[in-house]
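Let me begin by presenting the structure, written as structure tokens, before commenting on it.
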Amino acid sequence: MTRWTPAQVAGLAPDASSLAAARKLARSGPWSDTGSTDTLLWGKCQGSGKTPYQVSIDLTGPAFRCTCPSRKLPCKHGLALLLLWVEGSGSVEDAAEAAGFAQDWAAERSARAEARAAGDAARATRTPDPAAAAKRLEERLALMDGGMDDFARWLTDLVRGGTASARQQSYAWWDGTAARLVDAQLPGLADDVRSVGGLVAGRPDWADRLLVALGRWWTATRAWAGRGSLDEAQLGDLRAYLGWATSSESVRRADAVTDRWLVLGAHRTDDGRLQQQRTWLRGLATGETVQVLDFAAGGQVLPVARVVGSALDATLARYPGATVRRALFVDEPTVADDSVRMPSGSTLEDARSAAAAAWGLNPWARRVPVVVADARVGTDRVVDAEGASVALTDDAAVWSLLALTGGRPAQVFGELEESRLRPLSVVVGGEVMAL
């Protein structure tokens, strides 16, 4: 297998502190019994105890296992071993056969995957009780109808009283509205209300952001009231926004496409209650860009991110929707040996036009993927070759972007979120580098 780049390894780090600690460990001193095959990487790292930690990495996932007590995935030891491997200095040599502990772990993963596949097949053959399912659907729709009617009245009162009064409200006022939406089984809409409540209290452009949100919310109430006239794609986008989940089994059966997919970029968020990981993929043959979403709540850990810039041969099943579609892997993808190039990109004007067209089809899409060509990066914005500019989001990795581009024009992939851009990767020397 072609060894990765240090930037690709950095893109897998769960946080900056883990990457910094890994770089300190990425030297031959604490390591022993290291090696790699086409699919596995392994080694032992001496920690503070008598027994060294056993580290195993499945390069095709990637997937990690370490016997250290850290709950981070990957931990600093896994990242350090990857850094040793990509250096190619001889610290991690190619081997014909994996070490015993790495082989055992790989066999356990294979057995678990087979068990999951068998369980999925068994669930697919079960015949649900249609009467019970119809009753549950009727009850949920009644709750959602009541919740949307209540929310429409709340919106009407808010606009009638003047949007300026919204900033005088405490966060409890917003949270109370969101709690009622959760009770009405509208969790996605509830999260949006909580988010906007925070923006109104803390942002100088709160009035503009609130006006956009009011339009989005009112459109949702009218669309729900007239949902009988929506087609499958429109209803799918509305359901996703409101938080009405679609089962992965039904998605797998409905709309799948096989292609070679470039991992364009990824982004993680954590609001204290729920962690989310968005991974953007672009199909070589289809030219379609989709997002794969992973979630983790409570003490759960997000899965390891896909390597940005890698190419995956995979079948993806797409959720119902008109545009900015979500997808899931039908089976575990395989890493392709051949690379896939980043799309050539466009000007900011063209990117904004494409985003406007996407929002015209799906007004609840919070962000649209774009590739900007010949982009020059400043400390707070990106400027294209025609002189047009776009502000960066507050969480943009601007210093990493400046370091990688050195002020030179580059292709930048990111998420256009309302009027701002969140860069997620950049093309440097022909390689897609994660931020």
Side-chain angles (χ1 to χ4, degrees), residues 15-16 144 147-224 238 240-243 267-278 293 295-298 324 355 359 362-368 378-382 389-399 414-424:
D15 50 49
M144 295 176 72
M148 291 299 278
D149 289 343
D150 176 67
F151 186 62
R153 288 190 293 271
W154 180 84
L155 279 175
T156 302
D157 291 342
L158 172 59
V159 173
R160 184 178 290 124
T163 55
S165 64
R167 205 174 199 197
Q168 310 305 317
Q169 301 290 346
S170 67
Y171 188 74
W173 181 75
W174 297 94
D175 193 54
T177 300
R180 293 196 302 274
L181 291 169
V182 171
D183 292 341
Q185 298 197 22
L186 297 160
L189 182 55
D191 286 342
D192 196 11
V193 169
R194 287 193 179 98
S195 174
V196 172
L199 294 175
V200 169
R203 291 189 62 93
D205 60 346
W206 67 271
D208 292 338
R209 303 295 290 273
L210 177 58
L211 185 61
V212 171
L214 290 173
R216 183 168 64 242
W217 293 341
W218 187 252
T219 302
T221 64
R222 296 306 89 200
W224 180 256
L238 178 59
Y241 173 64
L242 298 179
H267 184 65
R268 288 185 172 189
T269 60
D270 185 354
D271 63 5
R273 298 178 297 109
L274 183 70
Q275 299 177 72
Q276 183 193 92
Q277 179 172 270
R278 295 190 298 274
L293 299 182
F295 300 95
V324 194
W359 282 318
N362 178 7
W364 306 290
R366 302 305 306 275
R367 53 196 65 89
V368 175
T379 57
D380 62 349
R381 61 200 312 107
V382 164
S389 68
V390 61
L392 298 174
T393 57
D394 293 339
D395 60 355
V398 60
W399 300 115
E415 300 169 335
L416 196 59
E417 195 169 273
E418 294 185 3
S419 60
R420 294 183 167 203
L421 178 70
R422 177 182 295 107
L424 299 182

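Below, each value reflects all heavy atoms present in this structure, side chains not excepted, and no hydrogens, waters or symmetry copies. Only a predicted model underlies this, so the values are computations on that prediction, with no experimental measurement involved. Along the sequence shown, residues carry numbers from 1.
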Exercise for the section: Any pair with a residue in residues 176-219 that passes ring-ring contact (aromatic ring centres under 6.0 Å, His included), sequence neighbours left out, goes on the list, sorted by first then second residue, please. Expected result: F151-W217

Could you pull out the closest heavy-atom pair between [X] and [Y], with the gap in Å?
X	Y	result
V182	A190	CG2-CB, 3.6 Å
A213	V196	CB-CG2, 3.7 Å
V324	A365	CG2-CB, 4.1 Å
F295	Q276	CE2-NE2, 3.3 Å
R222	A152	NH2-CB, 4.1 Å
G243	P187	O-CG, 3.5 Å

Could you list the residues that satisfy side chain to side chain contact (heavy atoms under 4.5 Å, CB included) with [X], not counting sequence neighbours?
X	value
A391	R381, R420
W173	W154, L158, Q169, S170
V398	V377, L392, L402
D157	R160

Applying side-chain hydrogen bond (donor to acceptor under 3.5 Å, both in side chains), name anything that partners [X], two or more places apart in sequence or on another chain.
X	answer
R194	D175
R153	none
D183	none
R268	Q277

Out of curiosity, [X] [atom1] to [Y] [atom2], how far, rounded to the nearest 0.5 Å?
X	Y	atom1	atom2	result
D149	T221	CG	OG1	9.0 Å
L210	L199	CG	CG	9.5 Å
D150	T177	CG	OG1	8.0 Å
S419	D208	OG	CG	8.0 Å
R209	L214	CZ	CG	13.0 Å

Handout entry: Partner residues of R422 under the salt bridge (Lys or Arg N to Asp or Glu O under 4.0 Å) criterion, sequence neighbours left out
Key = D395, E415, E417

Practice task
Take D394 and R203 through the test salt bridge (charged side-chain N to carboxylate O under 4.0 Å, His left out) and record every step on the way to the result.
Solution key: CA-CA 11 Å; D394 293 339; R203 291 189 62 93; 3.0 Å; yes

Exercise for the section: Could you please spell out the steps behind the side chain to side chain contact (heavy atoms under 4.5 Å, CB included) verdict for V390 and L416? Expected result: CA-CA 9 Å; V390 61; L416 196 59; 4.2 Å; yes

Exercise for the section: Decide yes or no for R278 and L424: does some side-chain heavy atom of the first lie under 4.5 Å from some side-chain heavy atom of the second? Expected result: no

Problem - No-hydrogen, no-angle side-chain donor-acceptor test under 3.5 Å, N362 and Y241 - result: no

Practice task
State whether the side chain of T219 and the backbone N or O of G215 hold a donor-acceptor pair below 3.5 Å, judged by distance alone.
Solution key: yes

Exercise for the section: Decide side chain to side chain contact (heavy atoms under 4.5 Å, CB included) for W364 and D192; before the verdict, give the C-alpha distance in whole Å, the side-chain angles of both, and the deciding distance to 0.1 Å. Expected result: CA-CA 10 Å; W364 306 290; D192 196 11; over 6 Å; no

Practice task
Let me see the working for L186 and R180 under side chain to side chain contact (heavy atoms under 4.5 Å, CB included), right down to the final yes or no.
Solution key: CA-CA 9 Å; L186 297 160; R180 293 196 302 274; over 6 Å; no

